[in-house]
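Per chain, numbering begins at 1; letters A, B, ... match sequence-line order.
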Protein chains: 2
Amino acid sequence: MSDSGLDAVKLDGAGPVYDQIRRAIRDLVLNGTWTPGTSVPPEHALMERLGASRMTVHRALVQLAREGLITRRRRSGTVVASPPASHAMLDILSIPDEVRQLGQDYAFEILSRRDGKPAAEVAALFELKRSEPIVHLVTRHLSSGQPHVLEERVIHLATVPAAADEPFETMPAGDWLLQHSLWSQAEHALSAVAAGAREAELLAIGRGEPCLLVERRTWNQSAPVTAVRLLYPGGRHRFVGRFGPYGQV
Amino acid sequence: MSDSGLDAVKLDGAGPVYDQIRRAIRDLVLNGTWTPGTSVPPEHALMERLGASRMTVHRALVQLAREGLITRRRRSGTVVASPPASHAMLDILSIPDEVRQLGQDYAFEILSRRDGKPAAEVAALFELKRSEPIVHLVTRHLSSGQPHVLEERVIHLATVPAAADEPFETMPAGDWLLQHSLWSQAEHALSAVAAGAREAELLAIGRGEPCLLVERRTWNQSAPVTAVRLLYPGGRHRFVGRFGPYGQV
DNA sequence: AAGTGGTCTAGACCACGTC
DNA sequence: ACGTGGTCTAGACCACTTT
């Protein structure tokens with residue numbers, strides 16, 4: 001390579017040039033070739049390399065910046081952005097951050113961990129194949145010593161092999177995954193459920209009390225990354241989002 | 001006026017020209033001057049009228065199209081779009097549509113209606129001023145005869161005066177508002193609550209059973225339009241959304 | 001001072017859909 | 001055929017930030 005990854009940008013000839021450029025760079029970010037903090041070549045370099053005018057290159061970069069994949073500043077240039085720690089609408093939120101934003105102390109404890117092929121009830125709960133190796137974790141998050149949310153999670157080892165060697169002692173699995181894996185798509189479901197006996201005990205609430213159940217599954221380019229069920233005591237938690245009729249505000 | 005509303009487009013001199021054009025047209029749509037279906041002048045007309053280059057006008061229109069406020073097609077031109085009937089992430093969804101999508105018959109009944117200044121408990125629940133005239137409605141939505149969701153709503157008469165004369169017999173208030181009012185911003189909150197005695201009876205569930213409470217407040221240009229509390233029996237309802245780390249998919 | 005992105009122009013050609 | 005939007009160019013000047 002002659003320079004900082006310029007050669008990695010390759011167009012596929014399909015569709016408008018600005019969109020080819022956008023997709024080429026987006027793919028370099030999503031497949032991990034350009035990690036967060038990596039400098040993106042300046043417009044004039046891309047322009048020469050790709051034989052496009054500056055406006056066309058600019059258009060691609062502006063769109064990527066709007067999508068949040070890159071950050072642009074005059075003089076200092078364009079860099080690959082860090083994935084957002086929280087999602088404006090509904091979490092993909094770091095639970096430590098969530099607790100600390102409420103002004104409370106954060107702590108967590110891993111209640112159980114099992115690696116390997118999932119037990120039948122875990123496979124059913126998360127719609128897994130029995131043969132698929134995973135890490136299965138149950139974590140309790142604490143807010144100033146009080147139970148905040150109960151987390152049950154599976155991590156797909158085929159997609160995130162490094163999870164097998166990670167003890168998850170310094171940070172909960174969700175935060176570790178934000179730093180050590182990529183995701184391109186997520187699905188959320190929200191529902192209200194009554195706390196079961198064990199859940200009630202772990203959350204220090206009464207059995208049958210309403211809880212908000214957040215289920216999230218995450219993929220990177222169609223490979224499953226993780227799936228998590230978060231059980232919040234209903235009386236104490238609300239999820240708030242703001243947007244306009246045509247999208248987020 | 002000499003032509004189809006061209007004269008209504010006025011720039012304010014603040015910031016980039018493309019953004020002035022975007023805001024000028026956006027405001028004409030949001031304040032109802034240009035209603036859905038209205039033709040937006042073609043690029044060359046705006047270009048002459050505003051003394052900007054076609055690229056600059058184009059840039060403003062492309063952004064408005066991306067935001068969903070206008071629809072553009074070659075040859076036939078640009079028209080003001082109809083507001084989306086549902087929001088991809090979390091409702092602003094027509095409840096009749098929601099029920100019918102599940103393959104069920106839809107019906108609704110208005111359990112109570114009161115016009116005028118709010119009672120103390122209503123004002124408290126929706127954070128209203130006691131002096132503000134509203135319509136207060138309690139509606140039960142039915143799915144094939146079974147209770148589907150309980151809705152309690154206030155409509156701000158200062159913003160939507162026509163609501164005073166509307167009996168809401170042919171369609172529920174939410175759908176009527178989608179057709180007869182504009183909104184530019186909404187706030188949602190989700191939580192899990194236990195059904196109270198009266199709520200449980202109206203929803204045909206047990207008292208204390210978990211319910212998903214969706215609270216939504218809607219504004220148009222900072223004027224409050226409506227606020228609604230939707231109580232869904234928890235066991236039967238989930239809200240699902242899909243998106244990527246950088247926005248909706 | 002210099003390098004980066006932000007905006008804007010005046011033109012060109014093309015693609016598409018309606019007439 | 002024609003009018004619309006979609007893309008693209010080659011250049012220009014400006015604004016900001018770091019050196």
**Message:** Main chain of B/Thr35, side chain of B/Thr38: is a donor-acceptor contact present, judged purely on distance under 3.5 Å?
**Reply:**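 Such a contact is found between B/Thr38 side chain and B/Thr35 backbone.
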**Asked** Would you say the side-chain atoms of A/His58 pair up with the backbone N or O of A/Arg54, donor to acceptor, closer than 3.5 Å?
**Response** no
Using whole Å, report how far [atom1] of [X] lies from [atom2] of [N].
X: A/Leu61; N: C/dG6; atom1: CG; atom2: C1'; answer: 12 Å
X: A/Ile70; N: C/dG5; atom1: CD1; atom2: C1'; answer: 11 Å
X: B/Leu11; N: C/dC8; atom1: CG; atom2: C1'; answer: 14 Å
X: A/Leu64; N: C/dG5; atom1: CG; atom2: C1'; answer: 15 Å
X: B/Leu50; N: C/dC8; atom1: CG; atom2: P; answer: 12 Å
X: B/Leu46; N: C/dT9; atom1: CG; atom2: C1'; answer: 17 Å
X: B/Glu48; N: C/dT9; atom1: CD; atom2: C1'; answer: 15 Å
X: B/Glu43; N: C/dA10; atom1: CD; atom2: P; answer: 16 Å

**Request:** For the side chain of B/Ala52, starting at C-beta, report the closest nucleotide among C/dT4, C/dT9, D/dT9.
**Result:**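 Closest nucleotide to the B/Ala52 side chain: C/dT9.
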**Prompt:** Which listed nucleotide (D/dT4, D/dC8, C/dG6) is nearest to the side chain of B/Met55?
**Reply:**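 Of all the options, the side chain of B/Met55 is nearest to D/dC8.
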**Pairwise distance CG(A/Leu69) to CD1(A/Ile25) - rounded to 0.5 angstrom** =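 CD1 of A/Ile25 is found 10.0 Å from CG of A/Leu69.
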**Asked** Does the distance from a Lys or Arg side-chain N to an Asp or Glu carboxylate O, for A/Arg26 and A/Glu67, drop under 4.0 Å?
**Response** no
**Asked** Is the shortest side-chain N to carboxylate O distance from A/Asp27 to A/Arg23 below 4.0 Å?
**Response**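 Looking at A/Arg23 together with A/Asp27, the answer is no, because their closest N to O distance does not fall below 4.0 Å.
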**Request:** Under 4.0 Å from any atom of DNA chain C, heavy atoms only: list the residues of residues 13-25 of chain B that qualify, in numerical order.
**Result:**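 Contacts with DNA chain C under 4.0 Å: B/Pro16, B/Val17, B/Tyr18.
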**Message:** Just to be sure I understand the rule, does B/His58 reach a base, reach only the sugar-phosphate, or reach nothing, if contact means heavy atoms closer than 4.0 Å?
**Reply:**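 Base, at least one base atom sits under 4.0 Å.
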**Message:** Just to be sure I understand the rule, does A/Arg59 reach a base, reach only the sugar-phosphate, or reach nothing, if contact means heavy atoms closer than 4.0 Å?
**Reply:**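 Counting heavy atoms under 4.0 Å across all strands, the contact made by A/Arg59 is with sugar-phosphate only.
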**Contact pattern, 5' to 3', of nucleotides 14-19 of chain C - B, S or - by protein heavy atom under 4.0 Å** = -BBBBS
**Message:** I'd like to know if the side chain of A/Thr226 pairs up with that of A/Arg153 as donor and acceptor (distance under 3.5 Å, no hydrogens or angles considered).
**Reply:** yes
**Message:** C/dT9, OP1 or OP2 - any side-chain N/O from B/Thr56 closer than 4.0 Å?
**Reply:** yes
**Request:** Please check the phosphate of D/dG3 (OP1 and OP2 only) for any side-chain N or O of B/His44 closer than 4.0 Å.
**Result:**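 Negative; the distance criterion is not met.
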Is any side-chain heavy atom of [X] closer than 4.5 Å to a side-chain heavy atom of [Y]?
X: A/Tyr106; Y: A/His148; value: no
X: B/Met55; Y: B/Tyr18; value: no
X: B/Asp175; Y: B/Pro96; value: yes

**Message:** Testing the basics here: between B/Phe108 and B/Glu169, what is the closest heavy-atom pair and its distance to 0.1 Å?
**Reply:**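 Taking every non-hydrogen atom into account, CZ-O, 3.5 Å.
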**Fill in**
Judged by nearest nucleotide, the residue sitting upstream toward the 5' end of DNA chain D, B/Arg72 or A/Gly51, is B/Arg72
